[in-house]
Every structure is written in structure tokens, then in C-alpha cells.
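Inspection log for the structure reproduced underneath, given as C-alpha cells.
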Protein chains: 2
Amino acid sequence: MALTRSEERINAKKRPAAKAKAKAPALPLNTILRGDCIEAMRGLPDASVDMVFADPPYNLQLGGDLTRPEGSVVDAVDNDWDKFDTFRAYDEFTRAWLTEARRVLKPDGSLWVIGSYHNIFRVGAVLQDLGYWILNDIVWRKANPMPNFRGTRFTNAHETMIWASHGEKSKYTFNYRAMKTLNDELQMRSDWVLPICGGSERLKRNGKKAHPTQKPEALLYRVLLASTNKGDVVLDPFFGTGTTGAVARRLGRDWIGCERDETYIEVAEQRISDALPLDESALKTMQSPRSAPRVAFGTLVSTGYVAPGTVLHDRKRRWAATVQADGSLVCEGKQGSIHKIGATMQDAPSCNGWTFWHIDDPEKGMQPIDTQRQTYILATEP
Amino acid sequence: MALTRSEERINAKKRPAAKAKAKAPALPLNTILRGDCIEAMRGLPDASVDMVFADPPYNLQLGGDLTRPEGSVVDAVDNDWDKFDTFRAYDEFTRAWLTEARRVLKPDGSLWVIGSYHNIFRVGAVLQDLGYWILNDIVWRKANPMPNFRGTRFTNAHETMIWASHGEKSKYTFNYRAMKTLNDELQMRSDWVLPICGGSERLKRNGKKAHPTQKPEALLYRVLLASTNKGDVVLDPFFGTGTTGAVARRLGRDWIGCERDETYIEVAEQRISDALPLDESALKTMQSPRSAPRVAFGTLVSTGYVAPGTVLHDRKRRWAATVQADGSLVCEGKQGSIHKIGATMQDAPSCNGWTFWHIDDPEKGMQPIDTQRQTYILATEP
DNA sequence: CCCCAGGTTGAATCTGCAG
DNA sequence: TCTGCAGATTCAACCTGGG
């Protein structure tokens with residue numbers, strides 16, 4: 001029997017003395033292994049998978065309920081699988097699964113882990129201790145994160161992925177050209193702007209979300225495209241509802257998942273069987289429109305483009321407003337944003353502060369502050 | 001002398017038994033402490049600084065300065081064992097300075113650390129182990145990063161900051177309104193787009209850059225504005241060329257720096273003496289309503305801003321409530337505060353009556369009673 | 001058919017003070 | 001330390017229903 005293209009690919013990538021595979025038992029390709037991932041991985045041979053993508057429990061340590069300003073309660077992650085007694089317990093769990101994953105990973109393979117500040121620092125440290133070699137940390141900047149309802153912190157608007165090779169000397173796969181093409185012929189950066197998973201992509205069961213933390217396929221799409229080749233084997237120890245499997249199938253990669261929860265498994269199997277191998281529509285999801293960067297007035301102040309203390313006028317010099325350190329304006333005893341103060345002064349419902357307020361330039365005369373914004377954008381554009 | 005509103009706020013935040021400060025020796029404000037930061041911090045009293053900003057060495061090979069716990073020097077590494085040894089040494093170093101910083105930090109203070117994937121995971125894990133409570137991880141997304149010349153990885157286009165309070169129960173400072181204003185009336189997110197330090201801001205010495213990792217002032221500007229108040233004391237254990245000091249001076253904060261390198265110290269001292277403090281009038285930042293005087297609804301009734309007998313509605317006119325002479329509401333036979341009745345009607349655990357209940361103004365239509373409160377506050381403000 | 005208004009929702013370590 | 005309660009607090013995307 002002729003080799004499939006994917007088998008050719010694996011052979012081509014093989015190190016000279018990679019006999020293990022010939023002796024090793026066949027891999028359970030494109031199946032979900034039931035049960036605990038550490039146990040499940042023990043059944044896989046050494047150095048048998050090309051890439052690992054892992055979305056482990058984050059150990060969120062949430063307190064009581066969180067309500068939105070309008071009174072409704074946030075549907076938070078309260079699953080047992082996310083609870084650990086101590087950091088030490090979490091570290092031991094992390095060390096155990098990362099150890100097993102590294103054994104199963106080929107020497108030239110790489111691993112991705114996603115997490116938030118609750119767990120990612122622990123994961124990263126353990127991973128370095130075990131000999132993985134960090135290649136990049138990637139920031140997933142959420143286009144539409146949940147706001148901070150209480151106004152107590154910065155909006156938690158991103159998650160972090162660590163991309164690491166098996167070891168320092170690994171000849172890992174990185175499809176540089178594909179990434180550059182995907183990014184309008186600019187090098188792909190370590191920060192990716194992608195929407196969170198919602199809409200028809202969000203899997204439901206009995207009208208409720210099937211999994212509390214389903215990842216967007218666009219994220220996995222980029223991960224798989226960057227660090228695997230067609231025909232490679234991808235292992236996901238925390239398979240959940242199978243985003244990794246669905247994207248792997250679409251992109252012509254083989255996958256192995258581990259999952260304990262029978263409900264998640266059911267949903268994932270259905271989903272993956274519905275996933276069509278790559279067509280044009282799949283590519284479309286990746287074409288993010290490059291919108292103009294939004295620049296806040298405060299950025300101009302904090303970067304020195306407009307000095308605090310500067311006095312702004314409207315075009316007819318009816319009002320004079322002083323720029324504050326935080327980018328707000330003070331005018332006739334009132335304080336607020338450039339838009340708000342502009343509206344208040346004119347007694348109008350709204351106002352575009354960018355064109356309303358002017359700086360009196362000794363050379364060019366009255367210039368709308370929008371000119372400063374344009375200067376800033378030109379100077380900082382990549 | 002009357003307290004300004006921001007001073008009131010600082011005092012209001014103080015813990016009851018803040019006697020330590022009175023007894024403690026005077027802090028070496030606005031000076032650079034020469035020598036190793038751990039030694040230098042030992043000379044500072046407990047709980048004496050409001051905020052710590054630290055930009056520790058990133059590289060795990062600290063040259064002759066990185067020693068194993070038992071005192072031997074770690075040299076260049078290329079095998080796993082030495083790597084582990086190096087990580088362990090870096091962890092010890094991190095643990096030492098973070099421990100000392102935590103002692104010096106006030107219980108309601110907070111700490112910022114900036115790093116890259118080389119060190120930030122270790123710093124984050126140690127910091128959690130020591131009892132710091134992470135509030136956010138902040139991604140500084142560089143507008144103009146250095147490209148990845150060899151095309152072997154993603155362009156490393158960001159650095160990570162961790163913002164943590166002294167402990168879980170700390171009443172840390174977060175100037176929510178100022179941050180929201182700085183971001184054009186949207187909540188400030190955990191990802192900040194800022195240019196790297198260059199141009200005239202980049203300090204030179206003999207034509208070469210004075211410090212390899214000088215941070216942009218805009219970054220510190222935002223950090224200080226977010227997490228300190230005017231007059232607070234900021235400690236920077238890795239002072240370098242003094243970005244923290246320069247921005248602190250501009251923003252009316254006191255600072256203390258630690259630095260070993262005499263050349264950096266010279267550059268920093270010159271730089272800070274050149275930094276102009278912002279005019280008092282430009283420093284007034286947006287205050288949270290939290291710090292505004294509290295006005296009871298009963299006050300509005302007793303002062304005639306809302307007449308007893310006035311009928312209030314919710315926005316959709318589902319309920320009608322009558323204002324009583326004592327400032328309570330009566331609605332569907334129930335009586336209570338504006339908040340309580342609002343909550344009862346909606347069958348919600350709580351409700352902000354100020355925004356829930358409206359007065360039907362013949363000219364302006366439905367107006368939340370909060371506008372009456374604002375009118376009262378403006379009219380009665382000193 | 002489109003458009004707009006209104007409702008819902010997402011990995012969240014989410015209050016502070018008086019008594 | 002605990003309880004009770006005043007009152008401060010949200011952004012972008014998607015869905016649904018009515019005009």
C-alpha cells in the first residue's frame with residue numbers, strides 16, 4: 001500500500017535514528033481517550049506526537065457571585081475540575097501532566113499551553129523546570145472581553161499562551177511564510193486580536209453553553225497552522241468539547257484527545273464529525289479586517305504629544321480648557337473627557353472633542369487636537 | 001488649611017492603626033540608594049512605601065552577580081542540569097528581593113513587575129508563593145517592536161507586567177475614573193499599546209544608549225496614575241536610569257531608587273533634576289464617585305430638591321412609587337429606601353435606587369433621581 | 001428584505017463602611 | 001470578626017422581534 005501524503009511527511013521529518021515508531025503500537029489517531037489525561041497519556045508511546053495543545057484548568061479561585069450593574073448574575077466557571085486546594089497541589093498536577101506530555105512529544109515537537117494570570121506563571125515555571133524551551137509567549141487579545149463590572153481593576157482583556165519546544169535544541173516546526181501571509185505580509189506578532197467564542201460557533205446543550213470555556217476555532221487555526229504540518233499528530237490532554245480536534249480535522253492534521261467528562265465527549269464527537277475538511281469558508285474566518293487604530297486622548301497626554309497643563313480652545317475661543325494629567329479637561333469648574341466637556345460647554349447632547357478643541361500653535365495658528373492624533377498614529381504605526 | 005478632595009481620599013483609605021509611620025525613621029525620599037537593592041531595602045522601615053515598581057534583570061545568566069544559594073557562581077549553561085540550577089538561582093534571587101519589597105510595602109500598597117517570557121513566569125510564581133495577590137497581568141503591546149530577523153519565531157512584540165497587592169485583603173489604590181478618562185471613557189484594558197522608548201527620550205551617553213532596557217515614560221505614567229495618589233511614595237529597586245523617578249517627580253509622587261551602577265546613577269540624577277513637576281492645576285485627575293460626598297435621598301427631600309408626594313417610576317414605568325416625607329418610598333403597599341424598594345420590586349438582591357427610579361420631568365422627560373443628586377452636590381459644593 | 005431597539009452574554013481571583 | 005445595607009458599576013458581539 002502506498003504511503004498517504006501525511007505519512008510521507010512524518011517520515012521526511014524524522015531524525016536519522018527514529019526506529020521507535022516502527023516498533024511502537026499504532027497510535028489511537030482521531031479518537032478521544034476517556035479518563036484522566038495523565039493515565040491516558042501513559043498508554044501512548046514515547047516521542048509519538050508532533051504537537052501538544054493544552055488548555056488546563058485555570059484554578060480561578062472565584063469568590064461569591066458577581067452581578068452586573070443591571071443586576072443579573074454572571075454565569076461563572078464553578079466546575080469541580082477547576083478547584084485545587086493550594087498552589088502546591090496545582091503545581092504537582094501541572095508537573096505530572098507536563099512530564100507525561102513531554103515524554104510523548106517527539107524531540108522536535110512543540111507544546112502550547114493557554115492560561116490566565118491565575119495559573120500561567122506556575123505553568124510557565126514548571127515547564128521551564130522540566131526542560132521545555134520557551135519559544136514565545138503569545139497574547140490573545142480579546143476583541144470583546146467581559147468588562148470589569150465593579151470598576152476595581154483593569155478589564156481582563158487577554159489570555160496568555162506559552163509556546164515551547166521539547167528542548168533547547170529542538171528543530172521545531174514554524175511555518176513562517178504561512179504566518180506572514182496570514183498577517184498581510186507582515187511578520188506575525190506575539191499578540192493576536194481575536195474575538196471570544198460566541199454566536200453559532202458556541203456549542204449549546206439544552207439551551208445552555210455546553211462548556212464554560214470553549215476556545216475560538218480561529219485561535220486553534222492559527223496555532224495549528226503555525227506549528228504543525230499536514231499529517232502531523234496533535235495531542236490535546238484537556239479536550240473538552242473538541243475545538244482542537246475540529247480544527248485539526250479541517251486542516252488535515254491527525255489528533256488525539258483526552259477527556260474525563262462523558263458529556264463533553266459526546267458533544268465533541270458530534271462536532272468533529274460535522275467538521276468539514278478545509279475549504280474556502282475556513283480561510284475566511286481568519287481574515288481580520290485591519291481597522292484603524294483607536295487612539296485615546298489620554299495616550300497623547302501620557303506619551304507627551306500633548307502636555308498636561310496645555311490650554312485648549314474651541315475654534316471661536318469661547319471657552320478655554322486645561323489638559324489634566326489623566327487626559328481629562330477642566331473648563332469653567334467642570335471636569336471630563338474632551339468629548340464630554342465639549343458637549344457640556346455647548347449644552348449639546350454630544351460633541352466630537354477631536355475636532356472641537358484646538359491647540360494654539362505659534363506657527364500654524366489654531367490646530368484641532370485631531371492633528372496631534374494623526375501625528376501620533378503616523379509615528380507609531382508598525 | 002482645608003483638605004483637598006484627593007487628600008481626604010488618601011486619609012479616608014488609611015487603616016486605623018497606622019502608627020508605624022510616626023515612629024519610623026524618616027524615609028530617604030527622592031534619593032538613589034547606592035548598592036545592591038536587597039541590602040538597600042533592608043535599611044527601610046516596614047510598611048513604609050505605597051507602591052513598588054520593579055524592572056528586574058531579565059536574563060537568567062546574570063554573570064558574576066548570579067550565585068547559587070550556597071555561594072558558588074553560576075556560569076554559562078548548556079545542559080539541563082545547569083539550566084535547572086540557573087533557574088533555581090534566579091528564583092532565589094527573585095524570592096529575596098520580592099520578600100524584602102513586601103516587607104517595605106504598606107499592607108494596602110501594590111507592586112508592579114515587568115518582564116518577558118524569560119523570567120516573568122518565575123517572578124509570577126514566586127510572587128504568588130510569597131502571598132502577593134495578583135490583580136492583573138498587563139501586556140505592554142509595543143507599537144514598534146524589533147522584528148524577528150531570522151524568521152524563526154513570532155515577532156516578540158510585547159512585555160508583561162504583573163500588578164499585585166500586598167495580600168488578598170489589601171485595599172489597594174486603583175484610580176478607576178482616571179484610567180477610564182485616559183482611555184476615552186472606556187474601561188482601561190489589560191493590554192496597553194505604547195511605543196518603545198526612542199527619540200529624544202532615549203538617554204545617550206557618549207553617543208551610545210545609556211541603558212539597554214530603558215522603559216518609556218508613558219508606561220510609568222500610566223502605572224503611577226493608576227495605582228498611586230499624589231504624595232505617595234514609590235520604590236524602584238532596579239532604578240537604572242531613573243524612568244520611575246522622573247515620572248514620579250512629574251506627577252507629584254515621592255520616589256526612592258536602588259541602583260548599583262554608578263554610571264546609571266549619574267545619568268538618572270541628571271535626568272530627574274531636569275524633569276519638571278507638572279503644575280498643580282494639571283494634576284487634578286478624575287475622582288471616583290466613591291470619594292465624592294455621600295448624599296442621602298432623605299437630604300434631597302428635606303431640602304426641597306424632591307418634594308414629598310412625588311411619584312417615581314422605573315424607566316419602563318412598570319412601577320410607581322411615592323416619596324415620603326422621611327425620604328422613603330411607598331410602592332405596592334411596601335415601604336423602604338429607594339434601593340430596597342427598587343430591589344424588592346424587581347425581585348433582585350440589590351438595586352441602585354439612584355439610577356433605577358426616575359422623575360417625569362415635563363420638559364426633559366424621564367430623569368433618574370441621580371440627576372437631582374448631582375444638582376444638589378453642585379449647588380452645595382464649597 | 002433591511003434596520004433599529006432592546007436584551008443577553010462572556011475563564012472574574014470584582015465593595016466598603018457602620019454598627 | 002461578622003452582618004447588614006447603601007450604593008457604585010459594563011463593552012462588544014450576537015440574537016430576536018417589530019416596523
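Here is the naming used below: chain letters follow the sequence lines, and residue numbers restart at 1 for every chain.
Within the nucleic acid shown, B:N352 comes within 4.0 Å of at least one base atom, counting heavy atoms only. Within the nucleic acid shown, A:N79 has no heavy atom closer than 4.0 Å to any nucleic acid atom. At a threshold of 4.0 angstrom between heavy atoms, the contacts of A:T67 with the nucleic acid are absent. Here A:E159 lies in heavy-atom contact (under 4.0 Å) with a base. Among the atoms of the strands shown, none is found under 4.0 Å from any heavy atom of A:G198. Contacts of B:V295 with the nucleic acid, taken as non-hydrogen atoms under 4.0 Å apart, involve only primed sugar atoms and P, OP1 or OP2. Within 4.0 Å (heavy atoms only), A:A143 reaches sugar-phosphate atoms of the nucleic acid but no base atom. Using a 4.0 Å heavy-atom distance criterion, A:S72 is classed as making no nucleic acid contact. Heavy atoms of A:S116 sit nowhere under 4.0 angstrom from any nucleic acid atom. Using a 4.0 Å heavy-atom criterion, one finds that A:P216 contacts no nucleic acid atom at all. Nucleic acid contact class of A:P212 (heavy atoms, under 4.0 Å, all strands): sugar-phosphate only. Within the 4.0 angstrom heavy-atom criterion, base atoms lie near A:K215.
Close to D:dT10, at under 4.0 Å from its OP1 or OP2, lies a side-chain N or O of B:K180. Residue A:R153 places none of its side-chain N or O atoms closer than 4.0 Å to OP1 or OP2 of D:dT9.
In the set C:dA11, D:dT9, D:dC15, D:dT9 carries the atom at the smallest distance from any side-chain atom of B:Y176. The side chain of A:P147 approaches C:dG10 more closely than any other nucleotide in the set C:dG10, D:dA8, C:dA12. Distance from the side chain of B:Q187 is smallest to D:dT10 among D:dA6, D:dT10, C:dA12.
The base of C:dG10 is paired with the side chain of A:R68 by a donor and an acceptor separated by under 3.5 Å. Put simply, the side chain of A:D75 and the base of C:dA11 share no donor and acceptor less than 3.5 Å apart.
Under the Watson-Crick and G-U wobble criteria, each requiring two contacts below 3.5 Å, nucleotide D:dA12 is paired to C:dT9. C:dT15 is paired with D:dA6 under the Watson-Crick or G-U wobble criterion, all donor-acceptor distances under 3.5 Å. Look at D:dG17: its Watson-Crick or wobble partner, with both distances under 3.5 angstrom, is C:dC4.
Ring pair A:Y264/A:W81 is perpendicular by interplanar angle, where above 60° counts as perpendicular and below 30° as parallel. In this pair, A:F93 and A:F84 present their aromatic rings tilted. The plane angle is within the 30 to 60° band. Ring orientation note: the planes of B:W163 and A:F154 are nearly perpendicular, at an angle over 60° on the 30°/60° scale.
Whole-Å rounding puts the B:I369 CD1 to D:dA6 C1' distance at 13 Å. One atom, CG of A:L60, and another, C1' of C:dA12, lie 7 Å apart when rounded to the nearest Å.
Comparing A:K209 and A:N59 by the nucleotide of DNA chain C that holds the closest heavy atom to each, the one mapping nearer the 5' end is A:K209.
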